[in-house]
Amino acid sequence: MNQRVQKLFLAKKYPLSLVSSNQNNGIIKVENNLSHIYKLEVSDYHGNKTSVTIPIQYSNQPIKILNKEQKTNYFVKSSNDYNFTKDNISVFIPENTFYEDFYLNFEVKDNVLTLQDDATPVHSNLNITFQNDSISAEEREKYFIATLKGGKITYNTTKIKEHVFSTWTRNLGQFQLVKDNVAPKIKSINFQEGKWLSKQNNLQFTITDDLSGIKSYNGYLNGKWILFDYDYKSNKIVHDFSDNLVIEGRNELKIVIMDNVGNSTIFESHFFRSQKP
């Protein structure tokens, strides 16, 4: 089960209006011969509340640090801006991008950028740049900066200027310059070419793209644009015949799918439909 951990103290003031604290920023001073009882209360937007009381007592036992901070060559103070570069890969961090000062894991290996991890909170966007002089002008539009996680590739909106590829992101983790020259796929769910669809209420298809992801989808019925509803989770697009654009007899169908780097797939077919009950 996935769990979310909420830290209840601030190392420094956060620039967030939804976060408030006392003069100690949530840091509890525990003194000898004194005991405290703290109450933690959590509520949702509908006013439902759950609370727990936590007894706190002073102890002479040494502090156990379960995860020691890994020191690197890149210590980031949140109030400053930074520009780190290695092997034609650069990261620009504007001031106040992070909430706290920490040692940043910045590494480049085999053209993969490792930038800390995705568990580190980020307040505002930072800029990642890849420079690759070996990519021809004709191929550049097919490349994008991808986030790598668990074998999955996620598209980041990428700006291209000559040999430089850049993106602004609020996510950390691993990044790589990826080429996508594979067009999206479209598959019918309840449609067969040339069939009579008089008893159907809609047209259903699945659309997928393995790399950069779907950017746009457009359907046309007898030359007129039609509405398709898109369910991102199931990759399904559905057109409802209730818009009354279907005609008696033969209907020409065209669907155009485009991914985020411009690869496109065109599906063209026809079906028949009777308007009579």
Near Q57 CD, under 6.0 Å, is it more than 12 heavy atoms from other residues, nucleotides or ligands?
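No, the 6.0 Å shell around CD holds no more than 12 heavy atoms from other groups.
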Take atom CD in E162; do more than 12 heavy atoms of anything else shown fall under 6.0 Å from it?
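Open: at most 12 neighbouring heavy atoms sit under 6.0 Å from CD of E162.
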Looking at residues at least two apart in the chain, or sitting in another chain, which of them share a side-chain hydrogen bond (donor to acceptor under 3.5 Å, both in side chains) with [X]?
X    : answer
T265 : none
K215 : none
K86  : E107
S234 : D231

Might you point out which heavy atoms bring L197 and F241 nearest each other, and give the distance in Å?
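The pair with the smallest heavy-atom distance is O-CE1, 4.4 Å.
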Taking all non-hydrogen atoms of both residues into account, name the closest pair between Y58 and E31 and its distance.
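Shortest heavy-atom contact: CB-O, 3.4 Å.
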Under the ring-ring contact (aromatic ring centres under 6.0 Å, His included) rule, what pairs show up with a residue in residues 152-187, not counting sequence neighbours?
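Found F144-Y155.
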Using the test side-chain contact (heavy atoms from CB on, under 4.5 Å), find all partners of D87 that sit at least two apart in sequence or belong to another chain.
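Only V108 meet the side-chain contact (heavy atoms from CB on, under 4.5 Å) criterion with D87.
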How are the rings of H239 and F228 set relative to one another: parallel (under 30°), tilted (30 to 60°) or perpendicular (over 60°)?
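It falls in the tilted class, 30° to 60°.
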For the residue pair I93 and F84, establish whether any side-chain heavy-atom pair is separated by less than 4.5 Å.
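A side-chain contact under 4.5 Å exists here.
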Between N156 and T147, is there a side-chain heavy-atom distance shorter than 4.5 Å?
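Contact flag for T147/N156 side chains = yes.
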The test is side chain to side chain donor-acceptor pair (under 3.5 Å); show your working for E95 and S79 and say whether it passes.
CA-CA 5 Å; E95 62 182 42; S79 58; over 6 Å; no
Is the ring centre of Y82 less than 6.0 Å from the ring centre of Y74?
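Centroid distance Y82-Y74: not below 6.0 Å, so no.
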L203: which of L253, V238, I189 passes side-chain contact (heavy atoms from CB on, under 4.5 Å):
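Option passing the side-chain contact (heavy atoms from CB on, under 4.5 Å) with L203: L253.
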